[in-house]
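Reviewing the structure listed below.
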Protein chains: 2
Amino acid sequence: MTDTATAALDKVLHLSSLVSTDLTRFEQESGLTVARVHLLWGLGLAGPGTQQSLAVALGVTPRNITGLVNGLVASGHVTREPHPSDRRATLVTPTKLGHRAIRDLRESHIDLAEQLFDHVPAQRLAAFVKTLDETIAIFARLMEEEA
Amino acid sequence: MTDTATAALDKVLHLSSLVSTDLTRFEQESGLTVARVHLLWGLGLAGPGTQQSLAVALGVTPRNITGLVNGLVASGHVTREPHPSDRRATLVTPTKLGHRAIRDLRESHIDLAEQLFDHVPAQRLAAFVKTLDETIAIFARLMEEEA
DNA sequence: TATTGTTATACTCTATAACTATA
DNA sequence: TATAGTTATAGAGTATAACAATA
């Protein structure tokens, strides 16, 4: 059924738009922006990294990372530390404030997930995740073909 | 299970990020930007409208609409037509090129939905949509509470 | 020679505030 | 007085290209 398929895609996009709006609210409370939150989130996942590694992780240019890191340094969320073995590179490192923001992000994320999905029966939630997994795999294949 | 709930949210965001990347590809092919595509999509749904109505539909300021419409006029996708009864207002109206872009967008959207979901058994897809509906409803309620 | 990050420059999206024309 | 849209101004995110320091 194409209709149901389109409805499913529309609803995924709608939910994603709501999550995005919610992230904007987090932004305003924390004084961060979406792009800077993504960078902090990446630091939270992978630990302190070079700007080069952040550029790859976020899929943007190194120049862009320079600007984002400048903003996060100004707001006190990260510092630029010397790389221990490569004097060209810097290690972008969360400060205490940065770690707190990363922790808050994680807690909000988990809290939101619980509020959204804890009411769903386990079996249906498992099927939901399975469908998402399959869909993501199909998508990844489609994008490879086009690349 | 909090773990499963978090996994579900992560996967929804992942899929949404993939769709967003795909939209970027559409952009590059069509010479449009995401914001302008959203405006065109809105015109496709509701028909020609005033800039005020577009500002409300997209959730941005009227000033922002001025800029987006300027861009779409320059690229030949829309024209500003006089409003039949209110000389203050303009009717943003798709050109032939604009209509073609809207049609292409719709076709890509339906095509993508089919490729992503047509393989899912009808019953599981119905359950998938049901879970999305419930989740969207919960989210809407959460955001009202916080507003 | 290749890589890391920055400076220079430019474009898009977004916002607020003040203003003009019209209702 | 209120509304529709624009001009003025500003800031953030993004990109390419040229450059310095280092590998």
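Note on naming: letters A, B, ... go to the chains in the order of the sequence lines (proteins, then strands), and numbering restarts at 1 for each one. Small disclaimer: the values here were computed from a predicted structure and weren't measured.
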Next item on the list: Provide, to the nearest angstrom, the distance between the CD1 atom belonging to A/Ile65 and the P atom belonging to C/dT7.
Entry: 15 Å
Margin query: Taking the minimum atom-to-atom distance to the side chain of B/Arg87, which one of C/dA23, C/dT14, C/dT16 wins?
Written below: C/dA23
Checklist line | Proximal nucleotide (of D/dA4, C/dT16, C/dG5) relative to the B/Gln52 side chain | finding: D/dA4
Check: To the nearest Å, how far apart are B/Leu68 CG and C/dC11 P?
Finding: 17 Å
Item checked: Minimum-distance nucleotide to B/Asp86 side chain [options: D/dT14, D/dA4, C/dG5] -> D/dA4
Check: In whole angstroms, how far is the P atom of D/dA8 from the CG atom of B/Asn64?
Finding: 18 Å
Next item on the list: May I ask you to evaluate whether A/Thr50 reaches the phosphate of C/dT4, defined as a side-chain N or O under 4.0 Å from OP1 or OP2?
Entry: no
Check: Is there a side-chain polar atom (N or O) of B/Thr90 under 4.0 Å from OP1 or OP2 of D/dG5?
Finding: yes
Next item on the list: Can you tell me the distance, in whole Å, between the NE2 atom of B/His83 and the P atom of D/dT3?
Entry: 15 Å
Check: How would you label the contact of A/Thr33 with the nucleic acid (heavy atoms, under 4.0 Å): base, sugar-phosphate, or nothing?
Finding: sugar-phosphate
Margin query: For D/dG5 and B/Thr66 - does any side-chain N or O of the residue sit under 4.0 Å from the phosphate oxygens OP1/OP2?
Written below: no
Check: For the pair made of CG in B/Leu39 and P in D/dG5, what is the distance, rounded to whole Å?
Finding: 12 Å
Notebook entry, point to check: Choosing from C/dT4, C/dC13, D/dG5, which nucleotide comes nearest the side chain of A/Ala89?
Noted result: C/dT4
Notebook entry, point to check: Given C/dT6, is OP1 or OP2 found less than 4.0 Å from the side-chain N or O atoms of A/Arg80?
Noted result: yes
Next item on the list: Counting heavy atoms from C-beta on, name the nucleotide in D/dA23, D/dT7, C/dT9 closest to the side chain of B/Arg63.
Entry: D/dT7
Item checked: Closest approach of B/Leu9 to A/Phe117 (non-hydrogen atoms, all atoms of both residues) -> N-CE1, 3.7 Å
Check: Is it true that B/Lys130 and B/Asp133 make a salt bridge, defined as a side-chain N closer than 4.0 Å to a carboxylate O?
Finding: no
Next item on the list: Measure across A/Ala101 and A/Leu32 and return the closest heavy-atom pair with its distance rounded to 0.1 Å.
Entry: CB-CD1, 4.3 Å
Checklist line | Whole-Å distance separating the CZ atom of B/Arg36 from the C1' atom of C/dT12 | finding: 7 Å
Notebook entry, point to check: B/Gln51 has an atom CD; how far is it from atom P of C/dT20, in whole Å?
Noted result: 19 Å
Next item on the list: For the side chain of B/Val60, starting at C-beta, report the closest nucleotide among D/dT16, C/dA15, C/dT4.
Entry: C/dA15
Next item on the list: Please figure out whether B/Arg88 or B/Gly67 has its closest DNA chain D nucleotide nearer the 5' end.
Entry: B/Arg88
Check: So, A/Glu81 versus A/Thr79: side-chain donor-acceptor pair below 3.5 Å or not?
Finding: yes
Check: Do B/Val120 and B/Phe128 come within less than 4.5 Å of each other through their side chains, counting heavy atoms only?
Finding: no
Notebook entry, point to check: To the nearest angstrom, how far is A/Asn70 atom CG from D/dT14 atom P?
Noted result: 14 Å
